[in-house]
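Every chain is numbered from 1, with letters handed out A, B, ... down the list of sequences. Quick caveat, the model's predicted, so the values are computed rather than measured.
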Amino acid sequence: MADQLVVEHLTKIYERGDILALDDISFSVVKGEFLVVIGLSGSGKSTLLRCINRLIEPTQGKVYFDGVDVTAASGGELRRLRRKMGMIYQQFNLVKRSSVLTNVLAGRLGYVNPWMSAVHRFPREDIEMGLKNLERVGISDQAYTRADNLSGGQQQRVGIARALMQEPELLMADEPVSALDPATSHSVMKYLEQMNQEDGVTVITSLHFLSLARRYGTRILALKDGKIVFEGLPSEIDEARFKEIYGEEAEHVEVR
Amino acid sequence: MSKSVEEMQALRFRVFAFFLDWASWGYIAYGIMYLLNSYWYTNIHYYGRLSVPTWGWPIVILGTLELAAISHAFGHSIGLSMFGLRLVTDSFTPPSLGKRWQRYLAWHVAVLSFPVAIWFSTQKSRLLHDRLTGTRMVLVKQYKDEIPILPPRAWYKTNRGEMSVVLIGVTLWVGALVTQIDLHTMISRVSTSSYLWKELLSPHFTHFITPDPALQQSIVSGMIETIFMALLATAVGAAFALPLSFLGARNIMGFSPLGWVVFTVVRGVFNVVRSIQPLLWGTVFAVWVGFGMFAGVMALGFHTVAALGKLYSEQVEGIDPGPLEAIAATGARRWQVVLYGVVPQVIPSFLAFTLYRWDINVRMATVIALVGGGGLGRIMFYYQSRVGLLPDAWNQVGAVIMTIIVVVWVLDYISGRVREKII
Ligand SMILES: Nc1ncnc2c1ncn2[C@@H]1O[C@H](COP(=O)(O)OP(=O)(O)O)[C@@H](O)[C@H]1O
Ligand SMILES: [Mg+2]
C-alpha cells in the first residue's frame, strides 16, 4: 500500500535557546496504522506532531501527505491539508467560555462558507453532524453547557468530536491522556481505537506510558533527544530497548 | 557560557556597578549643594548665590569617585547588589578589614597606572588590584557553589539600605524645596478658607431643575449632557479600539515581519495618544471643530481609543494560546481563529474595561469643559467664575460638585455590579 504520510529529514531548531528539538527525522506511515510515538518529556514528540501540520514551522526537511508536499504548501492549500488532519491535545485546547457545541463546530471552520462563519451561522447539516459526533463520544446531553463545566475526560471527548468534524484522514494526538486518570485514559484511548478500526482513520499519537503504547499501537516510534532511537512493533521492545529509550534508572509503570 | 564570556560579563557588570555608585554619590553631592544654596539665600543673603569655584568641581568629582571606591571596597553598595557582584578572597570568603584597606589603596595604584593595569589584566584576565591583594569581585550567579550563603542582614544594617535612605531623603528634601511645599501657610490659613468650605458644603440647589437664566441650563440637563458625552465618547472609542487592539497584540501579529511592523506602529500610537491628556486633545479639537460639546466628545473619544486599545491589547496577549492552535489546526483562516478562539476569551474583560472607562470619562468630561464640552463642567466653571459677583457662587459650585459625586458613585456602583455578573 502507498504511504499516506512521509516525513523526510525533518529538523527543527528553536531559535530561542538554540535547541535542536528534531534531528533529521525520517519515517512514513501507511493508511490505517496506529502509530505511537514514545519518549521522555523534552524528546521532541510535540514538536514532531506540530511540524507535520505546520503549527510549528520545520527548519529543514519535507512532509508529504497523500503525495502532496505539506512543507511547500501555503495559504489555502495549507488550510485544505490541515482540514484532513485532525488533532487533539494534552490540555484539550477548548475555548473554555464557549459552549461544547460551538467548540465542536469550530472543527468545520475549514469547510464552511467564511461569511456565514463570521456571524456564527453554521449549516443545518453541520449542526446535526456536531450533535451526532457528541452522541458518539457519549456527551450529547452536554451540548449547550460551557466547556469549562466539563470534567477532564469529557473535555477530551469534546476535543475528539471537534476533530471528527473535520472528517479527517489522519488523526494526531499529543499525549491525549496525560492529564487524565487511568480509567478515563482508557475510555479516551478506546475512542481513538474505534476511529482507527471502524472509520479507517490513520492515528499518530504520542504517549507517555509504554504500557498504553503496547496496548493500542500497531507500531511504535521512540524518540530521544530529537532522534529516532527505535522503530518497530510493540513486542520488539525488550528490557534493553526500554532502558535505551527511557534511561538506565527508569522503571516500568503500568496503566491499567 | 564559556569562561571568557563569563569573565567579560563580570567585568562589564563591575564597570556598570561602579558608575552607578559614582552617579549615586554625585547625585547626593549635588542634592546637598542645592540644599546649602537654598539655605544660603533664604537665611543669609537673599540675593547671593552660593557658587562653586572652578577648582571646586574637580574636588566634587574626585570626592565622589573616592566615595564610590570606598563603598566598593568596604561594603555592599547599591551598584554591587544590583548587578549581583560580591567582593571575596581567593578562597571565596569575605575579606578581612585589612584586606579591604589594601584593596582600596591598590585600586588607586591600578587607576593611576591604568595602561600598565590594562596590559596586566589582558595577560591575566584579572585586574591589577584584584591580583595585588588576592581578592576578586565576582558575579554571585557564576560562583553559586563556591560562595557561602551568608545569613541576610536587616536592610538598615546593609550598605545599600543606608545609601538608599540617604538617596530618598535627599530627593524628598530637594523635591519639597523645588515644589515649594509650605505646611506652615497651609495650617495658618485654615481659618481664612473656612468660609469656602462652609459654602461648598451648604449647596444651593436653586437651579437644579429650573434653568439658570444666565446659563440657560439647569444642573439636571447638564448632568444628562455629561453622561451622554461620556457614553458617546466611550462607545465610539470602544468601537475603534476593538479591531485595533487585535492589531496591537503581539501574539496575534507576531506571525510575520509585516505583522511586527503593524503591531509596533499600533502600540506606539496608542502610547503616544494615551500619554497626552484629554484636556490637551480638547484644545486641539476645539480649534479643529470649534469650541463646544462636539470637541469635548472627540477629545474624550480619541483618548479612549488609545487607553482602551492598550488595555484590550494586553488582554488579548494574556489569553490561553491552546485554543488558537487547535482552531488553526482545523484549517481555519487567521481571522476565524481570532473570532472563534480569541474573542470569547476576552469579551468579559473587554466589557469590564469599557464600563470602567465610562466611569473615567464622566469624571474627565467635567474637566474637558475648560476647553470645550458643556454639561456639568461648564456649569461648575461658570459659577466659579462668578465668585464675588454672585453672593452664593460657592454654594452653587457646591451643588454641582455634589451632583458629580452622586453621578460618579452611581455609575461606579452599576459598573461594579455588571462586572461581577459577567466575569
Ligand atoms: N517554543 C519553544 N521554544 C524553544 N524551545 C522549545 C519550544 N518548544 C519546545 N522546546 C524545546 O524543544 C525540545 C522538545 O520539546 P517537545 O517537542 O515539547 O518535547 P515533548 O513533547 O517530547 O516533551 C525540548 O528541549 C523543549 O525544551
Ligand atoms: Mg509534549
Side-chain angles (χ1 to χ4, degrees), chain A residues 46 49-50 52-57 73 75-99 102-112 114-120 122 146-148 155 158-159 162-168 171-172 174, chain B residues 1-2 5-6 9 239 242-243 245-247 249-260 312 315-354 418-423:
Chain A
S46 303
L49 292 179
R50 281 168 175 75
I52 291 175
N53 62 1
R54 288 201 21 222
L55 285 178
I56 293 177
E57 210 55 57
E77 195 186 3
L78 178 61
R79 279 191 277 112
R80 276 188 294 282
L81 283 165
R82 280 179 175 171
R83 240 169 33 176
K84 293 193 261 171
M85 307 186 219
M87 190 152 180
I88 63 176
Y89 308 83
Q90 181 176 0
Q91 297 303 331
F92 323 130
N93 285 1
L94 303 182
V95 183
K96 294 194 178 61
R97 294 182 48 88
S98 296
S99 75
T102 308
N103 269 290
V104 171
L105 284 170
R108 287 306 283 176
L109 285 173
Y111 289 93
V112 297
W115 298 109
M116 297 305 272
S117 79
V119 289
H120 286 254
F122 285 87
R146 253 171 67 157
D148 55 358
Q155 292 195 31
V158 177
R162 176 173 63 192
L164 279 171
M165 294 299 281
Q166 293 174 236
E167 302 178 299
L171 181 73
M172 294 192 284
D174 187 14
Chain B
M1 258 193 292
S2 72
V5 173
E6 279 189 358
Q9 188 188 28
L242 185 78
S245 67
F246 294 108
L247 299 181
R250 203 185 302 256
N251 52 345
I252 304 288
M253 300 308 288
F255 64 99
S256 73
L258 179 70
W260 269 108
Y312 287 176
Q315 289 302 308
V316 172
E317 285 175 353
I319 60 166
D320 173 11
L324 310 198
E325 170 183 67
I327 293 174
T330 67
R333 294 166 164 80
R334 277 203 75 77
W335 62 263
Q336 288 173 315
V337 175
V338 172
L339 189 61
Y340 282 82
V342 183
V343 172
Q345 292 193 59
V346 295
I347 278 182
S349 44
F350 275 28
L351 272 176
F353 280 130
T354 312
V418 175
R419 252 176 302 181
E420 260 171 42
K421 270 263 171 340
I422 53 184
I423 286 187

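Counting heavy-atom pairs closer than 4.5 Å to chain B, the top residue among Gly75(A), Ala118(A), Gly76(A) is Ala118(A). With chain B as partner, the option from Gly86(A), Gly110(A), Ser98(A), Ser117(A) having the largest number of non-hydrogen pairs under 4.5 angstrom is Ser117(A). For the options Arg162(A), Met172(A), His120(A), Arg50(A), heavy-atom pairs under 4.5 Å to chain B are most numerous at His120(A). Most heavy-atom pairs under 4.5 Å with chain B: of the set Ala106(A), Pro114(A), Gly107(A), this distinction falls to Pro114(A).
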### Message
Lys96(A) vs Asp320(B), test: side chain to side chain contact (heavy atoms under 4.5 Å, CB included). Steps then yes/no.
### Response
CA-CA 10 Å; Lys96(A) 294 194 178 61; Asp320(B) 173 11; 3.4 Å; yes
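We find the CG-CD distance between Asn53(A) and Glu325(B) to be 8.5 Å, quoted to the nearest 0.5 Å. Here the CE-OG1 distance, from Met87(A) to Thr330(B), works out to 12.5 Å after rounding to the nearest 0.5 Å.
For Leu94(A), the part sitting under 4.5 Å from any heavy atom of chain B is the backbone (N, CA, C, O) and nothing else. At a 4.5 Å heavy-atom cutoff, the contact between Gln166(A) and chain B is made by side-chain atoms alone. Of the two parts of Lys84(A), neither the backbone nor the side chain holds a non-hydrogen atom closer than 4.5 Å to a non-hydrogen atom of chain B.
Counting heavy atoms from C-beta on, the side chains of Arg97(A) and Ile347(B) never come closer than 4.5 Å.
Shown here for Tyr89(A) and Ala329(B), the closest heavy-atom pair between the two residues is OH-CB, 3.3 Å. Minimum interatomic distance between Gly341(B) and Val95(A) (heavy atoms only, all atoms of both residues): CA-CG2, 4.1 Å.
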